Amino acid sequence: KQEVTQIPAALSVPEGENLVLNCSFTDSAIYNLQWFRQDPGKGLTSLLLIQSSQREQTSGRLNASLDKSSGRSTLYIAASQPGDSATYLCAVRPPMDSSYKLIFGSGTRLLVRP
Amino acid sequence: EPEVTQTPSHQVTQMGQEVILRCVPISNHLYFYWYRQILGQKVEFLVSFYNNEISEKSEIFDDQFSVERPDGSNFTLKIRSTKLEDSAMYFCASSERLSWTKGLFFGSGTQLSVL
């Protein structure tokens with residue numbers, strides 16, 4: 001059974017710092033991996049989607065990498081800002097022909113201090 | 001930018017009552033989903049829906065739950081007789097195609113409180 005784990009559970013950094021959020025999954029047979037941002041009491045905003053054949057994706061100050069064989073993904077945030085404060089969720093999708101669902105980690109709660 | 005819209009944003013109900021949560025997926029999307037997040041827990045998959053039928057459901061999605069696409073734009077989740085443990089944030093999501101070339105798009109959620 002696929003399990004997704006995110007470390008650390010919470011992170012507090014000063015503004016301007018570069019940071020890395022970690023996601024690991026137990027079954028390397030995935031179709032893709034998606035990183036989301038969740039603000040308190042709000043919905044999920046998609047940040048980056050990495051297909052299983054890709055190694056990384058970039059969007060602005062965000063860079064996500066995927067090492068499928070080791071069951072790991074990282075989300076790198078450059079030059080963090082207070083507006084980046086949110087919970088970051090990682091989710092994997094099993095192989096396309098077996099399932100339609102996303103399996104989520106429990107998230108990393110990020111606080112960027114001014 | 002197109003988005004998934006959910007109504008209401010908050011719903012309070014008494015235990016045993018029926019509730020219907022509504023969603024308007026992105027207009028050219030074909031696959032629809034419901035997820036939920038109990039406070040402090042992970043986001044959990046409930047059900048996926050395509051071509052007017054359920055394509056996959058989780059163990060959570062028992063006979064108390066049903067989904068429907070009553071017209072060309074709305075997608076609903078009905079809970080027939082709510083329990084205290086149904087209190088959660090319910091998210092609707094949609095995707096353009098099965099391959100999810102652009103990923104899964106989520107609405108802002110309906111916070112359901114069962115008293």
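This is a predicted model, so every value here is computed, not measured. Chain A is the first sequence line, chain B the second, and so forth, proteins listed ahead of strands; every chain is numbered from 1. Computation of the quantities below employed the complete heavy-atom set of this structure, encompassing side-chain atoms and omitting hydrogens, waters and symmetry-equivalent molecules.
When hydrophobic residues (I, L, V, M, F, W, Y) are linked wherever their side-chain heavy atoms come within less than 4.5 Å, the members clustered with B:Val4 are B:Ile26, B:Phe105.
Shown here is B:Glu59, whose CD atom has no more than 12 heavy atoms of other residues, nucleotides or ligands within 6.0 Å. In B:Asn28, the CG atom is crowded: over 12 heavy atoms of neighbouring residues, nucleotides or ligands sit closer than 6.0 Å. With a 6.0 Å radius and a threshold of 12 heavy atoms from other residues, nucleotides or ligands, B:Leu39 has its CG atom at or below the threshold. Atom CZ of A:Arg109 sits in a sparse spot, with 12 or fewer heavy atoms from other residues, nucleotides or ligands closer than 6.0 Å.
We find the CG-CZ distance between A:Leu102 and B:Phe106 to be 5.5 Å, quoted to the nearest 0.5 Å.
Comparing B:Ser55, B:Gly107, B:Ser9, B:Ser58 by heavy-atom pairs within less than 4.5 Å of chain A, the highest count is held by B:Ser55.
Of the atoms belonging to B:Gln37, it is side-chain heavy atoms, and not backbone ones, that fall under 4.5 Å from chain A. For A:Ser106, the parts lying near chain B are the backbone and the side chain together; criterion is any non-hydrogen pair under 4.5 Å. Only the side chain of A:Leu89 comes within contact range of chain B, with heavy atoms under 4.5 Å apart.
Shortest non-hydrogen contact noted between A:Glu3 and B:Lys42 is OE1-NZ, 4.2 Å.
Residues B:Tyr33 and A:Lys101 are not in side-chain contact: their nearest non-hydrogen atoms beyond the backbone lie 4.5 Å or more apart.
No path of Ile, Leu, Val, Met, Phe, Trp and Tyr side chains, each step under 4.5 Å between heavy atoms, connects A:Leu49 with A:Tyr88, placing them in separate hydrophobic clusters.
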Self-check item: Evaluation steps, side-chain contact (heavy atoms from CB on, under 4.5 Å), between B:Phe91 and A:Gln38
Solution: CA-CA 12 Å; B:Phe91 295 109; A:Gln38 183 176 29; 3.6 Å; yes
